[in-house]
Amino acid sequence: MVEQQVEILRPETLIEEFKKNGVTHIITIPDSETNYLYELMEQQDWLDVVPVSREGESMAVALGLNIAGKTPVVLIQNTGMLESGDSIRGMALDAGFPLLMVVGYRGWTRKGHTPDTAATYTEPFLNAFRINYYLVEHDADGPRISEAFEESQSLKKPVVVLVGDEYHGFNR
Amino acid sequence: MIEAKKVFEEFQKHRANAIVSVQGTSGKHWRDITTNENRDITLGGAMGQSTAAIFGLALGLKSEKVVHFDSEGALLMNLGVIASIAGKQPKNFVHFVLDNGCYATTGGQPVPNSENIDYAQMAAGAGYSKTYNFDDLEDLSTSMEEIMSIEGPVFVAVKVNAEVENLPIGMRKRTPTRSRAETITDLRKELGIK
């Protein structure tokens with residue numbers, strides 16, 4: 001039991017990483033697995049949560065915020081990322097601004113095989129778009145979020161953090 | 001029905017220092033009317049997403065009035081954005097939709113249910129603080145001062161004449177305009193954003 005708790009990626013870790021990197025806005029579509037993270041983000045007075053109606057909007061809203069000098073992060077699930085291809089192309093990759101995208105890796109398993117095609121196509125999708133990505137599974141991986149953030153800043157392009165095991169990590 | 005050019009002429013009288021975004025075939029008239037190009041921005045690049053980008057800009061620049069001239073075809077491609085905008089209630093945001101009833105740039109094919117759809121009613125239902133519908137220039141002119149002075153998000157649907165382009169893309173006359181990147185750079189410089 002203790003070992004299982006240690007393996008959890010706590011929502012607080014994500015909040016700490018966002019704060020450390022000066023994030024100002026989270027553009028997101030909430031889902032049931034990230035509800036506690038959503039509540040926690042809403043409690044931060046330094047962070048503005050921007051809910052959108054479809055994931056493709058999130059890269060566009062982030063572009064507008066970037067132009068305004070803010071530091072947005074996109075927080076969506078891999079299914080929504082797959083839907084957002086044209087927006088990722090036109091509003092993120094072509095725009096020349098840094099963007100950290102935190103993407104819930106639905107269907108991911110450590111053993112590799114998964115019956116969930118959302119996971120099957122996630123990494124091939126990112127490779128096709130030539131977007132670098134980091135896998136984050138538990139608290140010990142927290143610094144990878146900063147690494148991804150710094151990479152997006154230096155490359156001025158989107159970099160993705162894939163949150164593995166999202167079905168367990170954010171449950172209370 | 002109103003000529004799109006006339007809409008921009010009326011708007012220009014009340015623009016003041018607003019940041020302005022235009023798109024669609026109707027939007028091309030703005031470049032002949034604007035008197036402050038450094039505060040004009042183009043955020044196209046993905047179908048139906050420029051409104052979301054301008055919404056983000058308005059959220060990030062709360063002390064600036066941000067005015068977006070949308071087209072109904074673009075809005076329909078991402079209609080959920082009106083709920084996203086209404087949800088954040090940006091007081092500084094004015095959202096025009098120049099509705100010519102068709103995809104003018106591809107030959108004038110009608111948008112879905114073009115004869116009956118009511119965009120202002122949709123925006124009101126989504127939660128914009130104030131919405132308008134115009135198909136008469138005089139009515140629009142009378143209301144423009146109010147539109148530009150009240151708290152947003154404001155939604156203004158305007159029926160405009162279609163200016164259909166039928167020539168193949170490669171044969172159309174192109175007027176040199178600033179690229180998206182140039183408009184972004186110019187605006188950031190104007191606002192002192194590094």
Side-chain angles (χ1 to χ4, degrees), chain A residues 22-30 38 41-42 46-76 80-101 129 153 156-158, chain B residues 19 21 23 39-64 66 68 70 74-90 92-93 122 126-127 179-194:
Chain A
V23 174
T24 58
H25 294 74
I26 301 288
I27 307 131
T28 187
I29 296 196
Y38 188 86
M41 291 190 303
E42 288 276 23
W46 49 271
L47 192 61
D48 195 353
V49 179
V50 184
V52 289
S53 304
R54 197 69 172 112
E55 285 85 351
E57 278 176 49
S58 62
M59 301 85 199
V61 173
L63 173 60
L65 286 162
N66 257 319
I67 294 166
K70 307 300 181 187
T71 308
V73 162
V74 163
L75 176 65
I76 57 176
M81 181 185 74
L82 296 174
E83 183 269 341
S84 305
D86 191 48
S87 192
I88 291 171
R89 176 199 61 78
M91 293 302 195
L93 285 164
D94 287 357
F97 281 93
L99 180 61
L100 179 68
M101 291 169 53
F129 278 76
Q153 294 289 321
K156 295 191 188 320
K157 59 178 285 195
Chain B
I19 293 166
S21 152
Q23 67 166 44
R39 281 181 170 259
D40 295 340
I41 188 160
T42 306
L43 290 182
M47 292 194 300
Q49 295 300 352
S50 68
T51 305
I54 297 297
F55 164 48
L57 188 70
L59 286 180
L61 297 172
K62 289 185 175 166
S63 59
E64 301 282 348
V66 177
H68 180 47
D70 210 345
L75 182 62
L76 285 173
M77 284 193 181
N78 185 26
L79 194 55
V81 75
I82 62 175
S84 308
I85 292 166
K88 293 300 284 185
Q89 290 288 303
N92 57 334
F93 188 57
M122 287 181 178
S179 68
R180 179 175 74 173
E182 287 167 333
T183 68
I184 291 170
T185 301
D186 291 346
L187 178 66
R188 284 164 64 95
K189 192 174 171 189
E190 167 85 5
L191 299 175
I193 298 168
K194 289 180 181 172

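Chain naming here is simple, since letters A, B, ... match the order of the sequence lines and numbering starts at 1 in each.
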Can you tell me which portion of A:A95 sits under 4.5 Å from chain B's heavy atoms? Options are side chain, backbone, both or neither. both
Go through the atoms of B:I41 and report whether side chain, backbone, both or neither lie under 4.5 Å from a heavy atom of chain A. side chain
A:A68 and B:L61 have their tightest heavy-atom pair at CB-CG, 3.7 Å
About how many Å separate CD1 of A:I67 and CG of B:L57, when rounded to the nearest 0.5 Å? 6.0 Å
Rounded to the nearest 0.5 angstrom, the CZ-CG distance for A:R54 and B:L79 is 13.5 Å
Is it the case that more than 12 heavy atoms not belonging to A:K70 sit under 6.0 Å from its NZ atom? no
What is the distance from atom CD1 of A:I88 to atom CD of B:Q49, rounded to the nearest 0.5 Å? 10.5 Å
Can you name the nearest heavy-atom pair linking B:G45 to A:M91, along with the distance? N-CE, 4.4 Å
Please determine whether side chain to side chain contact (heavy atoms under 4.5 Å, CB included) holds for the pair A:D48 and B:K88, giving the CA-CA distance in whole Å, both sets of side-chain angles, and the decisive distance to 0.1 Å. CA-CA 10 Å; A:D48 195 353; B:K88 293 300 284 185; 2.6 Å; yes
Within-4.5 Å side-chain heavy-atom neighbours: A:D94 and B:R180: yes
Taken in chain and number order and not counting sequence neighbours, the residues that satisfy ring-ring contact (aromatic ring centres under 6.0 Å, His included) with B:F93 are B:H95
A:E57 and B:S84 have their tightest heavy-atom pair at OE1-OG, 2.7 Å
Pick one of side chain, backbone, both or neither for A:L63, based on which atoms fall under 4.5 Å of a heavy atom in chain B. side chain
Considering only heavy atoms, which portion of B:I54 lies under 4.5 Å from any heavy atom of chain A: side chain, backbone, both, or neither? neither
ring-ring contact (aromatic ring centres under 6.0 Å, His included) involving A:H25 - partner list, sequence neighbours excluded: none
Looking only at heavy atoms, what is the nearest atom pair of A:S87 and B:A46, with distance? CA-CB, 3.9 Å
For B:L191, is it the side chain, the backbone, both or neither that has a heavy atom under 4.5 Å from a heavy atom of chain A? neither
So which residue, B:G80, B:A53, B:G60, ends up with the most heavy-atom pairs under 4.5 Å with chain A? B:A53
